Amino acid sequence: MSGPAGLSFASPADVTARLLANGYLPDATIADAVYLADRLGKPVLVEGPAGVGKTALATITAVATGRLLVRLQCYEGLDESKALYEWDYRKQLLRLQAAQHPEHGVDWEVVSSGLFAEEFLLSRPLLTAIRSESPAVLLVDEIDRLEPETEALLLEVLADFQVSVPELGTIKATSRPLVFLTSNATRELSEALKRRCIYLPVAYPDEKREAAIIRLSVPEADDALAAVVAQVASALRQLKLRKPPSISETIDWARALTVFGLDEVDQQAVSRTLNVLLKYGEDLDLARSELGLPPRATAAG
Ligand SMILES: Nc1ncnc2c1ncn2[C@@H]1O[C@H](COP(=O)(O)OP(=O)(O)O)[C@@H](O)[C@H]1O
Ligand SMILES: [Mg+2]
């Protein structure tokens, strides 16, 4: 287990500086949470709508700290054998065959002592992260997609940085990973899980930070363009849209404007590129009317 010497960040300002150097602009709350997670050795539960930078926070933290990224993408039906470990049945079978004695069959002495040993264990992300030689970043992405019962699989790892394998005993961490859990909040997570985490709700950024993110991600966009893009995105998020624009979509939108060579964001520029930002017909219609644009030409009309 890495002690204080193994800490990754000197201060919240250091978190900000190093994430920024790798293309991610955190706000003060995000920087504080990452710093605390590193200091306290606790997982961060990052919760918020799609496209606000939850996954990127973990992946860029890994890059910024030079840590290995171990990622577990959650989905319905994910089980222990995909999250923690699984026994390598093929290899076990080979071992059994190799232990066949020509006259008196299988030599059980040899077999029973050896079949459930380390060498037959296949590591899955949670185990891989705690067994990593040097400390890793463990990303458990979209945890709200797991069935609530499956969440329990994570608790031992998150609280104690260990995994119990009945046949082998408890495997303790050789290094302590920095853990990020992300959730799109499609359902409530369990109290037990939340108790073990630092909670980091992430919302859409304010205009100033979004403009800075755009400048960072789209070097071709100047300050004026980035400011208008951020302003329109923020205005659109006030509407009752089926899918408000995410940060990745505002970045794409800024890029689309520069691709068209539209460095001035006038009505026409918005009209030609709005489909990069909004992905539902009803959202496009609502936005166009709010922004004072003519109704869109539909394929049928
Ligand atoms: N704070 C940020 N700084 C820089 N880029 C960001 C930031 N937040 C989001 N992004 C951009 O938005 C994209 C989508 O973010 P992502 O992490 O996939 O969202 P989520 O996981 O919340 O759905 C990222 O790949 C990144 O390009
Ligand atoms: Mg994500």
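Computed from a prediction, not measured in an experiment: that's the story for all the values here. Atoms within a ligand are numbered from 1 in the order they appear, just like the ligands themselves.
- At least one donor-acceptor pair closer than 3.5 Å links the side chain of D144 to the backbone N or O of N184.
- Judged by the shortest distance from any of its heavy atoms, T182 lies outside the 4.0 Å radius around the atoms of ligand 1.
- For the pair R95 and F120, the cation does not sit on the ring face, since its NZ or CZ is not both under 6.0 Å from the ring centre and inside 45° of the axis.
- With distances taken over non-hydrogen atoms, the option nearest atom 27 (O) of ligand 1 out of T250, I251, L139, D27 is I251.
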Does the salt bridge (Lys or Arg N to Asp or Glu O under 4.0 Å) test come out yes or no for K243 and E249, once each step is laid out?
CA-CA 11 Å; K243 173 64 183 73; E249 283 159 328; 3.7 Å; yes
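- By the criterion of side-chain heavy atoms lying less than 4.5 angstrom apart, applied directly or through intervening Ile, Leu, Val, Met, Phe, Trp or Tyr residues, L168 is grouped together with V157 in one hydrophobic cluster.
- More than 12 heavy atoms of other residues, nucleotides or ligands shown are found within 6.0 angstrom of CD on Q97.
- Comparing S217, G48, G51, S248 by heavy-atom distance to atom 20 (P) of ligand 1, the nearest is G51.
- Using a distance-only test at 3.5 Å, with no hydrogens or angles considered, a donor-acceptor pair links the side chain of T182 to the main chain of E142.
- Close approach of ligand 1 to R209 (heavy-atom distance below 4.0 Å) involves ligand atoms 1 (N).
- Side-chain heavy atoms closer than 4.5 Å link hydrophobic residues (I, L, V, M, F, W, Y) into clusters, and following such links, even through other members, never connects L40 to L154.
- For K279, the NZ atom sits in a packed shell: over 12 heavy atoms of surrounding residues, nucleotides or ligands are nearer than 6.0 Å.
- Closest protein heavy atom to atom 7 (C) of ligand 1: Y24 CE1, 3.6 Å.
- Each protein N/O/S atom under 2.8 Å from the Mg ion (ligand 2) was counted, for a total of 1.
- For atom 18 (O) of ligand 1, the nearest protein heavy atom (residue, atom name, distance) is T55 CB, 4.2 Å.
- The part of I213 lying near ligand 1 is the side chain, judged by heavy-atom distances below 4.0 Å.
- What sits closest to atom 10 (N) of ligand 1 on the protein, heavy atoms only, is I247 CG2, 3.7 Å.
- Per-residue contacts place G53 under 4.0 angstrom from the following atoms of ligand 1 (heavy atoms of the residue considered): 8 (N), 9 (C), 15 (O), 16 (P), 17 (O), 19 (O), 20 (P), 22 (O).
- Annotation: P26 places no N or O atom under 3.5 Å from an N or O atom of ligand 1; distance criterion only.
- Atom CG of residue L68 and atom OG of residue S175 lie 9.0 Å apart, to the nearest 0.5 angstrom.
- In terms of hydrophobic clustering, with Ile, Leu, Val, Met, Phe, Trp and Tyr side chains grouped at heavy-atom distances under 4.5 Å, I143 and L200 are assigned to different clusters.
- A search for side-chain hydrogen bond (donor to acceptor under 3.5 Å, both in side chains) contacts involving N275 returns nothing, not counting sequence neighbours.
- Atom OH of Y89 has 12 or fewer neighbouring heavy atoms from other residues, nucleotides or ligands inside a 6.0 Å radius.
- Within 6.0 Å of atom CD in E188, 12 or fewer heavy atoms from other residues, nucleotides or ligands are found, so the atom counts as exposed in its surroundings.
- Proximity annotation for atom 25 (O) of ligand 1: of A56, P49, S246, A56 comes nearest, heavy atoms only.
- In terms of protein heavy atoms, atom 1 (N) of ligand 1 is closest to L25 O, 2.8 Å.
- Summary of contacts: the protein heavy atom closest to atom 4 (C) of ligand 1 is G23 O, 3.2 Å.
- Residue contacts with ligand 1 leave out L216, since none of its heavy atoms falls under 4.0 Å from the ligand.
- Every atom of ligand 1 is numbered from 1 in the order shown, and the set under 4.0 Å from a heavy atom of A50 is 23 (O).
- Considering backbone and side-chain atoms together, K54 places an N or O closer than 3.5 Å to an N or O of ligand 1.
- With hydrophobic clusters built from ILVMFWY side chains whose heavy atoms lie under 4.5 angstrom apart, L293 shares a cluster with L277.
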